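Below: the structure, in structure tokens.
Proteins come first, then strands; the chains are lettered A, B, ... in the order of their sequence lines, and each starts at number 1. Model, not experiment: these values are computed from the prediction.
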2 protein chains.
Amino acid sequence: MTHDRTHEHAGPTDDPHAAARPDDGERPRGVVAAAEAGVAGAVAAAEHARANLGEVVRTPEVTRRLALLWDPPAPATRGRKARLTLDDVVRAGTAVAQEGGLDALSMRRVATELGVGAMSLYTYVPGRTELVDLMVDRAYAEFDLPHAGDPWRPALAQYAHEMWRLYLRHPWILQTNMWRAPLAPHVLDAQEAGLRTIVDTGLPEVQVVEILGLVDNYVQGMARASIAEAAEQDATGMGTDEYWTTMNSFWEDWFEVERYPTMTRVYVAGGFDAPQGPLDASLERLLDAIEMAIDRAGSTASTG
Amino acid sequence: MTHDRTHEHAGPTDDPHAAARPDDGERPRGVVAAAEAGVAGAVAAAEHARANLGEVVRTPEVTRRLALLWDPPAPATRGRKARLTLDDVVRAGTAVAQEGGLDALSMRRVATELGVGAMSLYTYVPGRTELVDLMVDRAYAEFDLPHAGDPWRPALAQYAHEMWRLYLRHPWILQTNMWRAPLAPHVLDAQEAGLRTIVDTGLPEVQVVEILGLVDNYVQGMARASIAEAAEQDATGMGTDEYWTTMNSFWEDWFEVERYPTMTRVYVAGGFDAPQGPLDASLERLLDAIEMAIDRAGSTASTG
DNA sequence: CACGCTAGCATACGGTGTACGGAAAAGGGA
DNA sequence: TCCCTTTTCCGTACACCGTATGCTAGCGTG
């Protein structure tokens, strides 16, 4: 196995607490340890956390996936010198994904880009999955986080805009993580900053999470639409260069008007033309809705 | 090439109008033809459509992708009898995708499921891409469309709920079509019905499209979250069975509390616990926002 | 029966991720 | 200096993928 230099955890654990991490002694890591150190909510938090966690299972698969992100290995002093850095690999991967989308991201392709053999990449990265994680993390590092003290509305707007810029700069991100974003440091930084914008508005915590999800989702949708739209003029394919061709010949050859009267009407009126604006317009509406929710939460809190 | 029994179109066309379709003479197909037949908006529509379409290019790739959906071949009378039907193949593909997600959908796997050789599938389906299209179309056929006369709000709510049910029933759909839904009959039926719910509310056509996109997007996001959540209890993997394992060992081993104070606080307060309700709650908020947009459109229309 | 059309499929090609094991280079200790 | 350990580098190989090609078996029709 590659990457044995990273510390190995015990398998299915007996005492999850003791086995925590080898190089302890700095700052508390893990919610349980944190609560015991009195950082957040002390004992109650520890109980809650441990109850929720139950038996912590560490599969090598999981360890492999998280280790590089959270515990990057120190550069080796002994042995043959490396031609590349991890960042070289990640950057090359990003470049490949930039033109051609995530489908084009093959290990052999990235290796060729770097002028090395395919298997050499596995010196730097345990596999393709982890490479993608690292690429995502690197992309999120560009995020210009809203500051801590800012009032919630401009801060949340900034969060949305930054997310928007991120997707437009790295459309391939939308092709990853169908279900959830990877547990990468800079990704969590962004989420932290996002939550921070509205956590002190008096909303119940569940709604805080829900609302941030709403914003994420909204931006993601707008970005998807905008990228698909851009693929029309740019032939710089995200794999969808020919979508417009399809569209054209479809409208002409197969579209049945009396089956789709509304679509025809909307089409004729130009409803499908506009690229639904550069975010701002409808984002304000969303923020309005959120503001209403915040006001409502404030009033019910003072009433009940 | 398989499927030569489907009619061939000319290549890059000279006169897009004349070449339209071989078996004409029934009902008008194509927006241009439709407008000329006086179905929708007559001459103005035809001009608009033709201006927008420009030269219609028909690549064999596109034809191949749309032909089966819109022009299913008549069952052959001559030659050896088929063991399977197209629907058998599509249903088997859906079954495979149901357990194991879209990644597990390989031609060989589907063939094995049906007890035939891998290449036999290509008698029924031109390729994997088209199989997925057909699967999506079949799934959308389950859609219980809102009726034409219904008032917009319950109709749109029904649309959202049906979409929601669709995603929960067929989570693999979320793994397809990163940018746009396929141009399949039942998919367009759903979109038609969706647009129909709000097209007569006085909103400008562009906003009609935009709002339906918003709803689609919202539902999609909620479904994604809900499915990811469900993967926790169900080990019936959408490929994410081990996500929760990851989560657990992550919180315990790598999470740094003072880097993520807000997340810790929200976590301790249980903000990440709830599966954010079965759609209804926040959908009403979205509908509220839409209602506001409709009211605004009505007032500005009467004013200006 | 023989012809022609069709379904069914074995084989093969070029692609993928990656396990394995050997070769090459560098540093540290004897 | 030599050697030994550590690390990089990567050729080869395997299992899997989608699918082009072309053969064969079954069927309806002349």
Side-chain angles (χ1 to χ4, degrees), chain A residues 1-6 60-61 64-65 68 72-86 88-89 92-93 96-97 100-135 175-176 239, chain B residues 1-6 60-61 64-65 73-86 88-89 92-93 96-97 100-135 175-176 239:
Chain A
M1 177 179 291
T2 346
H3 280 286
D4 272 359
R5 72 169 102 85
T6 336
E61 200 178 21
R64 196 170 92 145
R65 184 149 183 202
L68 249 188
T77 59
R78 295 185 289 281
R80 182 173 172 175
K81 292 237 171 103
R83 294 171 56 185
L84 273 38
T85 54
L86 174 58
D88 287 336
V89 175
V96 170
L102 249 209
D103 301 341
L105 186 84
S106 74
M107 298 304 266
R108 288 172 172 88
R109 177 96 172 68
V110 174
T112 314
E113 199 85 354
L114 291 166
V116 295
M119 291 312 290
S120 300
L121 298 185
Y122 288 86
T123 313
Y124 301 90
V125 149
R128 202 193 104 115
T129 311
E130 291 80 6
L131 173 56
V132 174
D133 282 354
L134 287 163
M135 286 163 54
Q175 295 181 281
T176 69
Chain B
M1 178 179 294
T2 345
H3 279 285
D4 273 0
R5 69 169 104 85
T6 337
E61 199 177 22
R64 197 169 91 145
R65 185 151 184 200
T77 58
R78 295 184 290 281
R80 184 174 172 176
K81 291 232 171 110
R83 294 172 55 185
L84 273 36
T85 55
L86 174 58
D88 287 336
V89 176
V96 170
L102 249 210
D103 300 341
L105 185 84
S106 74
M107 299 302 266
R108 287 173 171 88
R109 176 97 173 66
V110 174
T112 314
E113 200 84 353
L114 290 166
V116 297
M119 292 310 292
S120 300
L121 298 185
Y122 288 86
T123 314
Y124 302 90
V125 149
R128 203 194 102 115
T129 311
E130 292 78 7
L131 173 57
V132 174
D133 282 354
L134 288 163
M135 285 164 55
Q175 295 180 281
T176 69

**Study point:** Where protein sits on nucleotides 9-19 of chain D, one letter per nucleotide: B base, S sugar-phosphate only, - none, heavy atoms under 4.0 Å
**Key:** BBBBB---BBB
**Study point:** Contacts of A/Thr112 that satisfy side chain to side chain contact (heavy atoms under 4.5 Å, CB included) - sequence neighbours left out
**Key:**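 For A/Thr112, no residue satisfies side chain to side chain contact (heavy atoms under 4.5 Å, CB included) once neighbours in sequence are set aside.
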Check your understanding: How many angstroms lie between atom CD of A/Glu113 and atom CG of A/Leu121, to the nearest 0.5 angstrom?
Key ->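 The CD atom of A/Glu113 sits 11.0 Å away from the CG atom of A/Leu121.
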Check your understanding: What is the distance from atom CG of B/Leu131 to atom CE of B/Met107, rounded to the nearest 0.5 Å?
Key ->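 Here the interatomic distance stands at 6.0 Å.
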Point to revise | Within-4.5 Å side-chain heavy-atom neighbours: A/Pro72 and A/Leu86 | key: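 The answer is no, as the side chains (C-beta and beyond) never meet within the 4.5 Å cut-off.
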Check your understanding: Is a side-chain N or O of A/Asp133 found less than 3.5 angstrom from the main chain of A/Glu130, in a donor-acceptor match?
Key ->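 No, because the side chain of A/Asp133 does not come within donor-acceptor range (under 3.5 Å) of the backbone of A/Glu130.
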